[in-house]
There are 2 protein chains.
Amino acid sequence: MPTTTAAQRRSSAKAEYNAFLAGCPSRELLARISDKWVALVLAALAEEGPLRYSALARRIAGVSQKMLTQTLRTLERDGLVTRTVTPTVPVTVDYALTDLSASLQHVMMALKGWAEAHMDDVHESRDSYDAIASEVG
Amino acid sequence: MPTTTAAQRRSSAKAEYNAFLAGCPSRELLARISDKWVALVLAALAEEGPLRYSALARRIAGVSQKMLTQTLRTLERDGLVTRTVTPTVPVTVDYALTDLSASLQHVMMALKGWAEAHMDDVHESRDSYDAIASEVG
DNA sequence: CGGGATCCGCACGGATACTG
DNA sequence: CAGTATCCGTGCGGATCCCG
């Protein structure tokens, strides 16, 4: 019988990953989830529950089929969405969040929400920054 | 006296921005903050307080001077970090979070923390996904 | 020390055409 | 409907050199 519990081993395992380090796998994972399409897909599924491919494409205006498919594939591979094929004619495909992405959805909605909520502040900051830059330059 | 409160006006202003729409400015802002270097810079400043350029570069291993400078410039322009130059010899430059980024720092640390905490889960999911793909293909 | 400027590869991502 | 395959531009990002 081990002297450490599963929770202890997991928490020590967590400590092994540090995204500040260049070679750490969590750096690459952070890069993957730091993606606007990932944020929008997870936010859409979080807000509206399971969605079909075409519904996702409509919700996330301006996304190309390639990027939507590519994003969904990597999310599926990483265990962040499930892909359910219903053999109707034509075929129906539903995407949904997983237990794993449940813990991430709040972060993604917060990220999207922040961008929408503070757009005006950022715009103001840019204007004053550009104004100073142009009068100096 | 207005019939709407400040909070109501702010929430209606927020409703004007929707990152799901292709042309919406918040879409571009979401894309900007959905960036691994942005996440790491804000997380570093959140964890350790104001940092010098060289300290940031050391903390965020593997970042090039170009990307670090470029990231810091856009963050400064967007009002997410302050840049303080102290005219010592040689010159000292400190970067710090702003009031605006205070509301974003939690999201960024959560993002980085999630990547570190769930790296094992994602790895497992990838393994099983690849195993199935290879036996099917 | 804290950058700016430049060159350049290449991978990200859009557009288009085709398929089960 | 839900993709796959392919071509191709461009801008992200690393490497290098230089400066106040």
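Order of the sequence lines fixes the chain letters, A, B, ..., with proteins taken first and strands second; residue numbering starts at 1 for each chain. None of these values were measured; they are calculated from a predicted model.
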Between [options], spot the one nearest the side chain of [X], thanks.
X      : options                  : value
S54(B) : dT4(D), dG2(C), dC1(D)   : dG2(C)
Q65(A) : dG2(C), dG13(D), dT16(C) : dT16(C)
P90(B) : dG13(D), dC1(C), dG3(D)  : dC1(C)
T69(A) : dG3(D), dG4(C), dG13(C)  : dG3(D)
V91(B) : dG2(C), dG3(D), dG3(C)   : dG2(C)
K66(B) : dG13(C), dT4(D), dG14(D) : dG14(D)
S64(A) : dC1(C), dG14(C), dA2(D)  : dG14(C)
R83(B) : dG3(D), dG3(C), dG13(C)  : dG3(C)

Take atom [atom1] of [X] and atom [atom2] of [N], then tell me their distance rounded to the nearest Å.
X      : N       : atom1 : atom2 : value
D35(B) : dG13(D) : CG    : P     : 6 Å
L68(B) : dG4(C)  : CG    : C1'   : 14 Å
E76(A) : dA2(D)  : CD    : P     : 15 Å
R52(B) : dG3(C)  : CZ    : C1'   : 13 Å
I60(B) : dG14(D) : CD1   : P     : 12 Å
M67(A) : dG3(D)  : CE    : P     : 15 Å
R32(A) : dA11(C) : CZ    : C1'   : 13 Å
Q70(B) : dG14(D) : CD    : C1'   : 11 Å

Worksheet item: Looking only at atom types and distance, does a side-chain atom of S125(A) sit under 3.5 Å from a main-chain N or O of D121(A), one as donor and one as acceptor?
Response: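 Here the side-chain-to-backbone pair does not exist.
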Discussion item. Can a donor-acceptor pair be found, under 3.5 Å and without considering hydrogens, that links the side chain of R27(B) to the backbone of A19(B)?
Written reply: yes
Worksheet item: Does the ring of Y17(A) carry K112(B) above it, NZ/CZ under 6.0 angstrom from centre and within 45° of its axis?
Response: no
Practice prompt. Run the numbers on Y129(A) and D78(B) for side chain to side chain donor-acceptor pair (under 3.5 Å), then give the verdict.
Written response: CA-CA 8 Å; Y129(A) 184 96; D78(B) 289 353; over 6 Å; no
Worksheet item: Do the side-chain N or O atoms of Y95(B) get closer than 4.0 angstrom to the phosphate oxygens (OP1, OP2) of dG3(C)?
Response: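 Indeed, a polar side-chain atom of Y95(B) lies that close.
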Worksheet item: Is there a side chain to side chain contact (heavy atoms under 4.5 Å, CB included) between T92(B) and Y53(B) once you walk through the steps?
Response: CA-CA 8 Å; T92(B) 305; Y53(B) 181 90; over 6 Å; no
